[in-house]
**Q** 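Got a structure for you, questions after.
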Amino acid sequence: QVQLVESGGGLVQPGGSLRLSCAASGSISSFNAMAWYRQAPGKQREEVARISIDDSPVYAGPAKGRFTIARDGAKNTLFLQMNSLRPEDTAVYYCNAGLLLGREYTPKLWGQGTQVTVSS
């Protein structure tokens, strides 16, 4: 019943910015964290950033200093602000809700993904 829907992807030039959104259609109160993952063609899906229910963010190396994860609890929406985009950021970006126990995060509910292409 609960669904996550990503939006905001598209084509952007290197150095540009993009803001991704992930809207939850139902209650996600059973989860204590949300995250953005991405998957480029021929590569493993990797975590980009996560945020807990207390709004504490954690970023993967490539995202540090360039991306910002945020959550709007009232609107049940997750955001990823991406700045200084590089061609290697090209991927399908997925949002998810899951369980964070200590440092271990387990995704449970996935969105369908949104394509981000960084190219001249």
Side-chain angles (χ1 to χ4, degrees):
Q1 292 288 334
V2 180
Q3 296 185 66
L4 300 176
V5 180
E6 300 95 334
S7 62
L11 175 64
V12 64
Q13 295 185 2
S17 297
L18 214 55
R19 180 178 163 95
L20 306 183
S21 299
C22 173
S25 64
S27 176
I28 54 172
S29 61
S30 60
F31 309 111
N32 65 352
M34 297 185 74
W36 287 97
Y37 280 62
R38 69 185 183 186
Q39 187 167 23
K43 297 182 179 179
Q44 296 281 344
R45 186 173 297 188
E46 63 179 1
E47 184 178 327
V48 177
R50 68 174 70 153
I51 188 166
S52 62
I53 55 174
D54 67 351
D55 290 325
S56 298
V58 176
Y59 298 95
K64 292 180 179 178
R66 299 189 301 127
F67 295 2
T68 302
I69 188 169
R71 183 178 62 89
D72 185 336
K75 296 183 178 181
N76 226 18
T77 304
L78 181 72
F79 302 97
L80 184 68
Q81 177 67 46
M82 304 185 293
N83 300 323
S84 302
L85 285 163
R86 307 163 181 162
E88 52 263 42
D89 293 318
T90 296
V92 177
Y93 283 70
Y94 301 88
C95 73
N96 64 70
L99 300 175
L100 178 64
L101 282 70
R103 296 176 58 193
E104 183 177 359
Y105 177 71
T106 303
K108 294 292 184 180
L109 178 66
W110 292 89
Q112 82 288 348
T114 185
Q115 177 71 48
V116 172
T117 302
V118 185
S119 179
S120 299

**Q** State whether the side chain of S29 and the backbone N or O of S27 hold a donor-acceptor pair below 3.5 Å, judged by distance alone.
**A**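 Absent.
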
**Q** Is the NZ or CZ atom of R45 both under 6.0 Å from the centre of the six-membered ring of W36 and within 45° of that ring's axis?
**A**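 No, a cation-pi geometry is absent between R45 and W36.
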
**Q** Let me confirm one number: the CG-CG distance from D89 to L18, rounded to the nearest 0.5 Å.
**A**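 With rounding to 0.5 Å, CG (D89) is 10.5 Å from CG (L18).
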
**Q** Is the closest side-chain donor-acceptor distance between S119 and T117 under 3.5 Å?
**A**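 There is no such pair between these side chains.
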
**Q** For L20 and F79, run side-chain contact (heavy atoms from CB on, under 4.5 Å): C-alpha distance rounded to whole Å, both residues' side-chain angles, the deciding distance at 0.1 Å, then the answer.
**A** CA-CA 6 Å; L20 306 183; F79 302 97; over 6 Å; no

**Q** As a quick check of understanding, evaluate side-chain contact (heavy atoms from CB on, under 4.5 Å) for V58 and I51, giving each step before the final call.
**A** CA-CA 6 Å; V58 176; I51 188 166; over 6 Å; no

**Q** Evaluate the side-chain proximity of Q13 to S120: yes if any heavy-atom separation is below 4.5 Å, no if none is.
**A**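 No - every pair of side-chain heavy atoms lies 4.5 Å or more apart.
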
**Q** In Å, rounded to the nearest 0.5 Å, how long is the span from CG of L100 to OG of S52?
**A**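 Spacing of CG (L100) from OG (S52) equals 6.5 Å.
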
**Q** Do L4 and L109 come close enough that some side-chain heavy atom pair is under 4.5 Å?
**A**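 Of all side-chain heavy-atom pairs linking L109 with L4, at least one is under 4.5 Å.
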
**Q** Is it the case that one hydrophobic cluster holds both L99 and I53, taking links as side-chain heavy atoms less than 4.5 Å apart, direct or via other members?
**A**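 Looking at the clustering, I53 is in a separate group from L99.
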
**Q** Do Q112 and V5 have side chains that approach each other closer than 4.5 Å (heavy atoms only, starting at C-beta)?
**A**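 Yes; the side chains approach each other to less than 4.5 Å.
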
**Q** side-chain contact (heavy atoms from CB on, under 4.5 Å), that's the test. Do Y59 and I69 meet it? Break it down for me.
**A** CA-CA 8 Å; Y59 298 95; I69 188 169; 3.6 Å; yes

**Q** Under 4.5 Å between side-chain heavy atoms, hopping through other hydrophobics if needed: is there a path connecting F31 to Y37?
**A**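 Different clusters.
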
**Q** What about Y105 and W110, same hydrophobic cluster or not, with Ile/Leu/Val/Met/Phe/Trp/Tyr joined at side-chain heavy-atom distances under 4.5 Å?
**A**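 Same cluster.
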
**Q** Given side chains that start at C-beta, do those of L85 and T90 come closer than 4.5 Å, heavy atoms only?
**A**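 A side-chain contact is absent here, since even the closest heavy-atom pair is not under 4.5 Å.
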
**Q** Take T114 and V92, measure what side-chain contact (heavy atoms from CB on, under 4.5 Å) needs, and give me the verdict at the end.
**A** CA-CA 5 Å; T114 185; V92 177; over 6 Å; no

**Q** What distance do Y93 atom OH and C22 atom SG have between them, rounded to the nearest 0.5 Å?
**A**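 Taking OH in Y93 and SG in C22, the distance rounds to 14.5 Å.
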
**Q** Of all heavy-atom pairs between N83 and S17, which one has the smallest distance, and what is that distance?
**A**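 Distance-wise, the nearest heavy atoms are OD1-OG, 2.9 Å.
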
**Q** Do you know the tightest heavy-atom contact between D55 and R71?
**A**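 Looking at all heavy atoms of both residues, the shortest contact is OD1-NH2, 3.1 Å.
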
**Q** Which pair of heavy atoms, one from R50 and one from E47, lies closest together, and at what distance?
**A**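 Closest approach of R50 to E47, heavy atoms only: NE-OE2, 2.6 Å.
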
**Q** Please tell me if the side chains of M82 and T68 come closer than 4.5 Å, counting only heavy atoms from C-beta onward.
**A**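 Not touching, per the 4.5 Å side-chain cut-off.
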
**Q** Would you confirm whether N76, through its side chain, and G26, through its main-chain N or O, come within 3.5 Å as a donor-acceptor pair?
**A**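 Between the backbone of G26 and the side chain of N76 there is a qualifying donor-acceptor contact (under 3.5 Å).
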
**Q** Check whether any side-chain heavy atom of R86 lies under 4.5 Å from a side-chain heavy atom of R66, and answer yes or no.
**A**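 R86 vs R66: side chains touch.
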
**Q** Are R38 and Y94 in a cation-pi contact, defined as NZ or CZ under 6.0 Å from the six-membered ring centre and within 45° of the axis?
**A**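 Here R38 fails the 6.0 Å and 45° test against Y94.
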
**Q** Examine distances only and state if a side-chain atom of E6 and a backbone atom of C95 form a donor-acceptor pair shorter than 3.5 Å.
**A**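 Checked: pair present.
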
